[in-house]
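Along the sequence shown, residues are numbered consecutively beginning with 1.
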Amino acid sequence: MAAGRRDGVVRPLRIAVASGKGGTGKTTVATSLALSLVHVVARPLLFLDCDVEAPNAHIFLRPVLTQRQDVAIMIPRIDEARCTACGRCAQVCEYHAIAVVGKKTLVFPQLCHGCGSCTLVCPEGAITEVPQIIGALEAGETPEGIRFARGVLNIGEPMATPVIRQLKRWALSGDGAPPGVAILDVPPGTSCPVVESVRGSDFLLLVTEPTPFGLHDLRLAVDVAAELGIPAGIVLNRDGIGNDDVETFAAGAGTPILMRIPFDRAIAEGVAQGRPLIELFGEYEDRFRVLYEQIAHRVWGAS
């Protein structure tokens, strides 16, 4: 099974691979899952690297990037000759990106979310919007035929969410045959970039480790999945260290452990060299395909 139908429209099965904390092996799992499925799904497979602050899936997938476009948000510009410093723009801005000091209206681009509210409420028409480039989108294809796209946030820019939003729109509505499966490599944590990345996904695959930090952040990630109404399952990486607290929590939360990857020095050394897990140990190709079938069954009700 590769895709589902909603409101009469065939769309890809979207699997978001996330983790409550960094360093759990999220990208290792996401890239190996993609490589395992590229020749078995009925339609093209799409991989999105949504970790725009530190994208690294290309290290494992080695795409040839042939497309690029800038990402910009619209930032207010004040016409001082027309501005009366009435303060309505500052009042409507939920992000405190505009402040009126005396008779001067100040704009703080780093805080602006580009919503345009200030422009709409200005009674003097003193605000116009100008584009500010904050990052870029890049796309291409891997040697195996995986469609690959990623976002890259410019150094020093504080907001990853607009880049992620535009990446998903750009890649998921692109030209050509629609993909059968879309795998999204999500930023670590549970903040706004994570929520934007997983929004609209059919399944959230949470990669964790059996440590106190892994458990703490897994709890937060499971809460995010529940809040968004997305079914979730767990990949337990570095299985064999720590204790059984993650398994106890998973059973109590009703979030199944779908796959286990043992704590193995050979895996760590291979990943450090940029080698996918299925290249290191060929048996993982079948294991990831079984993982995919479990996900498809939970989402669409059939394997």
Fill in the blank from the handout: Here the pair of heavy atoms bringing V198 nearest to L204 is CG1-CD1, 3.6 Å
Practice task
Output all residues satisfying side-chain hydrogen bond (donor to acceptor under 3.5 Å, both in side chains) with R68, sequence neighbours left out; order by chain, then residue number.
Solution key: D70
Practice task
Considering non-hydrogen atoms only, spot the tightest contact between A16 and S201 and give its length.
Solution key: CB-OG, 3.5 Å
Practice task
For the pair R289 and E293, evaluate salt bridge (charged side-chain N to carboxylate O under 4.0 Å, His left out) and give the outcome as yes or no after the intermediate values.
Solution key: CA-CA 6 Å; R289 289 176 181 173; E293 293 297 336; over 6 Å; no
Exercise for the section: Share the residues that join F108 in a hydrophobic cluster, the rule being Ile, Leu, Val, Met, Phe, Trp or Tyr side chains under 4.5 Å apart at the heavy-atom level. Expected result: V101, L106, L111
Handout entry: Donor-acceptor pair, side chain of K168 and main chain of S197, under 3.5 angstrom
Key = yes
Handout entry: Sidechain-backbone polar pair: K26 side chain, P188 backbone, donor-acceptor under 3.5 Å
Key = no
Completion exercise
By ring-ring contact (aromatic ring centres under 6.0 Å, His included), H113 pairs with (sequence neighbours left out) Y95
Handout entry: Atom CD of E94: over 12 foreign heavy atoms under 6.0 Å
Key = no
Problem - Results of side-chain hydrogen bond (donor to acceptor under 3.5 Å, both in side chains) for N56 - residues two or more places apart only - result: T27
Practice task
Grab the two heavy atoms, one from G189 and one from V194, that are nearest each other, plus how far apart they are.
Solution key: O-CG2, 3.3 Å
Practice task
Take atom CD of E283 as the centre, draw a 6.0 Å sphere, and report whether it contains more than 12 heavy atoms from other residues, nucleotides or ligands.
Solution key: yes
Handout entry: E124/R82 ion pair, N-O < 4.0 Å
Key = no
Problem - Nearest non-hydrogen partners of V52 and P55, listed with the distance - result: O-CD, 3.5 Å
Practice task
Ignoring hydrogens and angles, tell me if any N or O in the side chain of T31 forms a donor-acceptor pair with the backbone of T28 under 3.5 Å.
Solution key: yes
Handout entry: Nearest heavy-atom neighbours spanning T208 and L215
Key = OG1-N, 4.5 Å
Problem - Heavy-atom donor-acceptor pair, D202 side chain to R14 backbone, under 3.5 Å - result: yes
Handout entry: Under 3.5 Å donor-acceptor, T142 side chain and L61 backbone
Key = no
Problem - Close side-chain approach of I127 to T105, heavy-atom, < 4.5 Å - result: no
Problem - Exercise: identify the closest heavy-atom pair between G151 and V163 - result: CA-CG1, 4.0 Å
Handout entry: Residue list, salt bridge (charged side-chain N to carboxylate O under 4.0 Å, His left out) with D239, at least two apart or on another chain
Key = R260
Problem - Residues that R88 engages under side-chain hydrogen bond (donor to acceptor under 3.5 Å, both in side chains), provided they are two or more places apart - result: none
Practice task
In plain terms, say whether E80 and K104 are close enough for a salt bridge, that is, a side-chain N and a carboxylate O under 4.0 Å apart.
Solution key: yes
